[in-house]
Amino acid sequence: MAKTVFKNILQILIILIFNNFLAQKTPEKLPKNLVKDTISKKDTIVAKKEALDDVLQTKADDQRRDIPKKMTFLNKNAQVKYQDMQIDADYISIDDNKNLIYARGKLDSLGKIIQPVVTTQAGKKYETNEFSYNTKTKQAIAFNARTEESEGVIIAQKTKKYNDSVFAMRKADYTTDEYFVKKKDTAADYFMRASNIKLIKSKNKSQIVTGPIQMYIEQVPTPLIMPFAILPFSDKRAAGILIPSFGEREDVGFFLNGIGYYQPIGEHFDLKVLADIYTKGSWNLRPQMNYQKKYRYSGSFNADLGTMIRGIKGLDDYTKNSTYRISWTHSQDSKANPFLTFSASVDIVSTKFYNNTLNNQYILNSGSNNGSVRVPDVLRTQQNSTITLTKRFLKLPVTITGTASYSQNFATGLADLRLPQMNVAVNQFYLFKSKSGVRQGLLENITVNTGFNLTNFVNTQENELFKKEMWDKMQTGLKNNIALATNTTLAKYFTFSLSANIDNALTTKTLNRYYDPVKNVTVDEINKKFAGYSSFSTTASLQTTLYGMMKFKKGSIVEAVRHMVTPSIGFTYSPDFSSPNFGYYKNYYNATGALTPYSIFEKGIIGSPSNNLVGALGFNIGNNIEMKVKSKSDSTGVKKVKIFESLNLSGSYNFAAKDHPWSIFTINGQSSFFNNKLTVNTSLSLDPYKIEFIPGQDQGIRTEKFGAFGVQGFNVQLSYPLSSEIFGEKTDYAKKYSSKGEVRNENYYFDDDNYSRFDQAWTLNINANYAYSKGTNRFGNKIASLGLDGSIKLTPYWNVTGSTHYDLVTKELAYTRIGFSRDQRSFTINFNWVPFGQYKVYDFFIGIKANILSDALKYKDRSFTQPNAPF
């Protein structure tokens, strides 16, 4: 035994001596002039550089060293630390000859990896089945590697690391599904697959560059294939492809809507170029530029240029039309310059842009507010543009505002242009100073408001803009208004007010009217000369407030009713400026030979002074009626119920009028019921004079017979928002059902029969409108419509929305939209549909929600997109 041990020790010593002998190298002969320097320096011997640049630290439950092969084997809970890299695996081998570290994950009985290799470097964690790393070249190769980057993860069959900055991957999938990234789910709800991916890292950012890449949803391939993709992982803006929606429209065919590219430009600008492509030949190009400078200003430029083709070329139904829209918005931060502000809202479109639109966005969206009713963009009848520049002064009580406005009427094809328009307003001031510091009486309370307004205005056809025809129609007017007002209290309970208005106007064009018997027409001739007028009116009014309370017996459901009345009377006086002494009115003989007066300022932008003597006494009676009722839900035990928030009756009597001294009486009311849910607005117009009709004619004559009080107009608007919260209390599922489960990221409670239970929230907004106008017409006109707008959650992440409008007069559906949306954790699916009407269209869209892809793979905002979608 001792002999064998001695023999083994001797063999090891021989091998070590032999290896040391082979490692020695015969020194080369040095030049004579270098021998002295070499010997005189202590650090002349240069040691051979080691294969490792740093210490290699290892640990494992089982370690084994093969000295002849220069191999180290680590088994179970193996770990290697080298420089900034740490490898944790079930098995690791280290080959000193090849400078290679190999790691493998834990295997089950069938040889399948059940626990991956975890490699951590520079704060990044990588999971792989197998991993090899060359300590000399710094290159690595991994199989089935899982690489986490920012909010996403990449899984590749094979990954090669060239250096710390470049990784090449083959057959790789990329996803931002949060549940898959955090390993809450074994399958991603979506991923993007590419044959080759290159991951490029730098100090401040990293990005993925791919070849052809295809989107998969729930493991199912989609038609969304891109020729390449650049996905940056950075907080800064980055260029990227814009994902389109696709669908079909009856008049223009199948389409891709919103395909394009996003490009940031410098620090303050970015650019989007979108395109809509249709199979029947139509196309649309939509460049959009946004700009922003913090604490200074922000804005955007948008254009919409397209050609719409309908029908088949050569047939009678073939049409080809061009449409355009150019818009610019600009807003200034209020803190940037409080003394000089500039804003712009410019939106110029072709006449048939909205009601004959090529852009599906204006068909599928919910439109804009028109009073209490939302009007879809395709039903727009008017478009307005305004540019405003306002100058204020630190020491002067003056505000100067310059505006330019452009208004289009799509029904008439006419446009109103005001360019430029300037208003100089003097801040309100008191005419007399207060003696005691507290203003009392009529004199000390006199306030003065005054200013100047300069306007250049023209109403013209769109094809005449900035041409000679437009400039010939252009009118210029200057108007000054001086308003004096004061008030005081009389007998403690009455407020007395006195006001006067003085208007001074100047214009460059006046009217000369005459009858041409040859052509049998009335001719309006425009004179290009300066003319002006001054007018005056004054009003004195008196008002007070009265309260009345009716209390009921104790124990009654209704405890009390309160009635508040606000009556007011006022007298208005204005001279008759049609008198020949003023020269504001002239006469001409009409077709029947009757002498007819007209104003020389008629049809002008400064208006005309009144042509009748006014000495009218007007009245207004305002009412507010509320009641207190018992309520168990209120902490006080009672609650207020509004019967009428407002109910106003108004009219006037003109003492100076030669005929019809009474005006038309108007009644306006507003109220709300069912806990302020149902809102009702009404108005009623009554004519006190009787209207008589000649047999066979629809237009009547207003007589002097007082007391008829015929209905001239009536309007009622109702709005009622319904929701699931109104009907019944909200169910506490946690207390009612003990069983709880989760399907992906949707939480459900289950009853005893194992049926899922969840809160199905829904809303339904009802809008109804009825309007009747008669005037002197025998039959009058009616308008009646019913609008519905609502949504319902089929599941916590399935949402259905829709709206429709029904014309009760024509008994037809005016406009209907239906939308479905699905929140799929990391992306949304939207389907929009207009089933009938002028535009029959459906639109399908998929949008990724990850913040890191908000620039690279942007998606459009849709009317049915979930609120938490980032773009």
Whether [X] side chain and [Y] backbone form a donor-acceptor pair below 3.5 Å:
X	Y	answer
S385	D347	yes
D276	G258	yes
D807	K811	no
Q408	N384	no
T307	S282	no
N284	A275	no

Test side chain to side chain donor-acceptor pair (under 3.5 Å) applied to R146 - qualifying residues, sequence neighbours left out
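Listed in chain order: nothing, the list is empty.
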Can N257 and F844 be said to form a side-chain contact (heavy atoms from CB on, under 4.5 Å), step by step?
CA-CA 10 Å; N257 186 257; F844 183 76; over 6 Å; no
Could you check whether any side-chain heavy atom of [X] comes within less than 4.5 Å of a side-chain heavy atom of [Y], counting everything from C-beta outward?
X	Y	result
N302	Q288	yes
S821	T828	no
F845	F831	no
I766	L786	yes
E626	K640	yes
S672	E645	yes
W798	V800	no
D270	Q263	no

Shortest non-hydrogen contact from [X] toward [Y]:
X	Y	result
L256	P244	CD2-CG, 4.3 Å
Q219	F191	OE1-CE2, 3.7 Å
I197	A172	CD1-CB, 3.6 Å
Y190	M215	CD1-CE, 3.7 Å
V181	T175	CG2-O, 4.4 Å
V629	V641	CG2-CG2, 3.7 Å

Counting only heavy atoms not in F644, do more than 12 fall under 6.0 Å of its CZ?
no
Taking everything shown except I783 itself, do over 12 heavy atoms lie less than 6.0 Å from its CD1?
no
Step by step, would you call V680 with F673 a side-chain contact (heavy atoms from CB on, under 4.5 Å)?
CA-CA 8 Å; V680 181; F673 306 96; 4.1 Å; yes
Go through it in stages, so that I can follow the logic: the residues are D843 and S245, the test is side chain to side chain donor-acceptor pair (under 3.5 Å), and I'd like the CA-CA distance, side-chain angles, deciding distance and then a yes or no.
CA-CA 7 Å; D843 180 281; S245 62; 2.8 Å; yes
Once you round to the nearest 0.5 Å, how far does [atom1] of [X] lie from [atom2] of [Y]?
X	Y	atom1	atom2	value
E127	T147	CD	OG1	9.5 Å
L813	H805	CG	NE2	10.5 Å
L718	N767	CG	CG	9.0 Å
K171	R193	NZ	CZ	9.5 Å
S803	L788	OG	CG	9.0 Å
S300	Y291	OG	OH	7.0 Å

Does the ring center of W328 lie less than 6.0 Å from the ring center of F301?
yes
Tell me, with the steps shown, if L199 and M169 meet side-chain contact (heavy atoms from CB on, under 4.5 Å).
CA-CA 8 Å; L199 174 62; M169 303 178 184; 4.0 Å; yes
Checking [Y] against [X]: is there a side-chain donor and acceptor pair closer than 3.5 Å?
X	Y	result
N715	S683	no
T763	S791	yes
S785	Y770	no
Y324	D304	no

Indicate yes or no: does E148 engage K182 in a salt bridge with an N to O separation below 4.0 Å.
no
Residues in ring pair (Phe, Tyr, Trp, His ring centres under 6.0 Å) contact with Y772, at least two apart in sequence or another chain:
none
May I have the step-by-step check of side-chain contact (heavy atoms from CB on, under 4.5 Å) for F255 and V841, ending in yes or no?
CA-CA 10 Å; F255 61 80; V841 59; 3.8 Å; yes
Candidates N321, D251, T319 - the one meeting side chain to side chain donor-acceptor pair (under 3.5 Å) with R310:
D251
Got a sec, which residues hit salt bridge (Lys or Arg N to Asp or Glu O under 4.0 Å) with K840, two or more places apart in sequence or on another chain?
E250
Please step through side chain to side chain donor-acceptor pair (under 3.5 Å) for the pair T222 and Q214, ending with a clear verdict.
CA-CA 7 Å; T222 69; Q214 183 177 14; 5.5 Å; no
